[in-house]
Amino acid sequence: MKQLTPERLLDVAYDEALRGLAEGGIPIGAALFDADGTLLGRGHNRRVQSGDPSMHAETDAFRAAGRRRDYRGTVMVTTLSPCWYCSGLVRQFGIGAVVVGESQTFSGGHKWLAGHGVAVTVLEDRRCIDLMSRFIAEHPALWHEDIGSADDLEA
Ligand SMILES: [Zn+2]
C-alpha cells in the first residue's frame with residue numbers, strides 16, 4: 001500500500017495544471033488514482049491546445065486511464081471544482097471519491113456529487129486558488145468560454 005494524502009494526490013493534478021498553463025491553455029489539471037494511490041491517468045484541460053471544448057482536465061485524465069470494469073475504488077483529483085459535465089462523468093462511471101483543489105473561483109457539481117454518495121474532499125488549496133484567480137483575471141473571455149457562460153461577459 002502506498003496510501004497517499006489528498007494533498008499529495010493534488011500535487012499531481014496541480015502539476016498538470018501548470019503544464020496546461022505552459023502550453024498556453026487553461027490551467028486546470030486532474031488525475032485518476034486507484035484506491036491504493038496508484039496513478040491510473042493524468043491530464044489537463046486542452047480546449048485551447050486541441051481546439052476541443054470537451055477536453056476538460058478530468059476527461060483527459062479519465063481517457064488516459066484507459067478501460068476499467070469498476071471505478072468504485074477510484075479517486076478523481078482535480079485542481080478545480082468539477083463542472084456539470086465532469087461531475088456527470090464521475091456519476092456515470094461510479095467513481096467513488098473526488099478530491100477538489102479549490103471551489104473558490106468556480107463552484108461546479110461537487111456538492112451534488114456528495115449528495116449522491118461520492119466521497120468529496122475540498123482542500124481549498126492556496127496554490128490552486130492563486131493559479132485560477134490569476135488566469136481568470138488575465139483571460140476573462142477564455143475562461144467564460146470554458147465554463148459555457150459567454151453571455152456573462154455582456155453583464
Ligand atoms: Zn469539466
Side-chain angles (χ1 to χ4, degrees), residues 6-7 9-34 39-68 71-125 127-153:
E7 288 80 5
L9 300 182
L10 182 64
D11 286 344
V12 178
Y14 183 73
D15 182 60
E16 282 292 330
L18 293 181
R19 288 189 194 188
L21 187 68
E23 292 168 4
I26 297 163
I28 304 172
L32 187 69
F33 292 91
D34 210 344
L39 178 64
L40 302 172
R42 54 190 290 172
H44 52 267
N45 186 300
R46 297 181 195 273
R47 164 181 288 271
V48 174
Q49 299 92 315
S50 302
D52 181 354
S54 73
M55 192 51 90
H56 284 195
E58 298 90 331
T59 315
D60 196 28
F62 181 77
R63 289 187 183 172
R67 292 169 57 181
R68 292 181 71 81
Y71 289 89
R72 278 175 294 187
T74 63
V75 184
M76 178 64 84
V77 185
T78 176
T79 55
L80 184 65
S81 174
C83 73
W84 291 112
Y85 159 60
C86 295
S87 296
L89 182 148
V90 169
R91 283 273 280 152
Q92 171 67 30
F93 293 94
I95 292 169
V98 174
V99 173
V100 176
E102 64 109 346
S103 66
Q104 303 288 305
T105 61
F106 175 77
S107 186
H110 66 275
K111 287 178 183 164
W112 175 74
L113 288 172
H116 283 91
V118 178
V120 176
T121 304
V122 182
L123 296 173
E124 301 302 8
D125 180 89
R127 294 170 304 169
C128 294
I129 295 169
D130 289 347
L131 183 63
M132 275 320 290
S133 300
R134 236 177 299 130
F135 181 81
I136 293 168
E138 290 169 9
H139 307 277
L142 190 53
W143 170 240
H144 285 275
E145 179 189 329
D146 197 61
I147 59 174
S149 60
D151 292 345
D152 291 354
L153 289 175

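Heads up: numbering here begins at 1 and tracks the sequence. The structure presented is a predicted model; accordingly, all values stated were derived computationally and were not measured. In each ligand, atom 1 is the first atom listed, and ligand 1 is the first ligand listed.
Ring geometry for Phe93 against Phe62 counts as tilted: the plane angle lies between 30° and 60°, on a 0 to 90° scale.
Each of Arg63, Met76, His44 was checked for a side chain to side chain contact (heavy atoms under 4.5 Å, CB included) with Glu58, and the lone residue meeting it is Met76.
Between Asp130 and Arg134 there is no salt bridge, since none of the side-chain N atoms of the basic residue sits less than 4.0 Å from a carboxylate O of the acidic one. Residues Arg42 and Asp15 are paired through a salt bridge, judged by an N-O separation under 4.0 Å between the basic side chain and the carboxylate.
Residues satisfying the side chain to side chain donor-acceptor pair (under 3.5 Å) test with Asp11, not counting sequence neighbours, are Arg8, Arg127.
Between the side chains of Glu102 and Ser81, no donor-acceptor pair of N or O atoms lies under 3.5 Å.
Listed by chain and residue number, the protein N/O/S atoms under 2.8 Å of the Zn ion (ligand 1) are His56 ND1, Cys83 SG, Cys86 SG, with waters left out.
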